[in-house]
Amino acid sequence: MAALVVKVTCGTERVETLMQAFTVAATGVASGLEVSLWLTGDATLQALLGADDVVIPHSPPLSQLRDAVLAAGTLTVCAQCAARREITEEDLVPGARIAGAAAFVAEATAPEATALVY
């Protein structure tokens with residue numbers, strides 16, 4: 001099966017870029033792809049329980065896009081980014097995980113994988 005690996009490197013300081021990454025990941029899930037969404041930097045905050053939802057015109061809310069990814073794909077928070085923010089797996093929405101760069105590289109370079117970085 002074709003895989004889509006999406007890495008988002010920004011938070012709400014670049015809200016349209018953040019939303020585009022989540023939109024592409026959710027669209028990949030809806031298209032039947034194996035999707036892995038990686039959150040780095042301040043994007044990690046979007047995986048926290050109780051995070052404020054992000055809403056911009058002409059887009060579903062970020063929480064809806066995130067839930068679509070979680071329903072059929074994976075959502076991963078960068079281990080170093082989590083450590084810098086004192087985030088643990090208990091802080092994350094159900095289904096999200098924390099993993100390091102080696103796991104990202106393995107996913108992004110796997111046969112049949114397409115990796116996008118936002």
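- With 3.5 Å as the limit, one finds a donor-acceptor pair spanning the side chains of Ser36 and Thr74.
- A side-chain donor-acceptor contact under 3.5 Å links Thr9 to the backbone of Tyr118.
- For Arg66 (side chain) and Gln46 (main-chain N/O), a donor-acceptor pair under 3.5 Å exists by modelled atom type.
- Scanning both residues, Ala25 and Val69, for their nearest heavy atoms gives CB-CG2, 3.7 Å.
- The line from CG of Leu37 to CG of Leu75 is 5.5 Å long, rounded to the nearest 0.5 Å.
- You'll find the side chain of Thr44 reaches within 4.5 Å of the side chain of Arg85, heavy atoms only.
- Formation of a donor-acceptor pair under 3.5 Å by the Glu89 side chain with backbone atoms of Ile98 is found in this model.
- Between Trp38 and Val5 there is a side-chain heavy-atom pair separated by less than 4.5 Å.
- Judged purely by atom type and a 3.5 angstrom limit, Ser59 has no side-chain atom pairing as donor or acceptor with the backbone of Ile56.
- Taking all atoms of both residues into account, the shortest heavy-atom contact from Ala26 to Ala68 is CB-CB, 4.1 Å.
- Both tests hold for Lys7 against Phe104: distance to the six-membered ring centre under 6.0 Å, angle to the ring axis within 45°.
- In terms of modelled atom types and a separation under 3.5 Å, the side chain of Asp91 and the main chain of Thr88 share a donor-acceptor contact.
- Panel note: side chain Thr17, backbone Cys10; no donor-acceptor pair is recorded below 3.5 Å.
- For Val93 against Leu49, the heavy-atom pair with the smallest separation is CA-CD2, 3.7 Å.
- To the nearest 0.5 Å, atom CG of residue Leu48 and atom CG of residue Leu92 are 6.5 Å apart.
- Closest heavy-atom contact between Arg97 and Glu107: NH2-OE2, 2.8 Å.
- In terms of heavy atoms, Ala72 sits closest to Val29 at CB-CG1, 3.6 Å.
- Of all heavy-atom pairs between Val8 and Leu39, the closest is CG1-CD2, 3.2 Å.
- In this structure, the side chains of Leu116 and Val24 come closer than 4.5 Å at one or more pairs of heavy atoms.
- Between the CG atom in Leu45 and the CG atom in Asp52 there is a gap of 10.0 Å [rounded to 0.5 Å].
- Remark: side-chain polar atoms of Thr23 are paired, donor with acceptor, to backbone N or O of Met19 under 3.5 angstrom.
- In terms of modelled atom types and a separation under 3.5 Å, the side chain of Glu13 and the main chain of Gly11 share a donor-acceptor contact.
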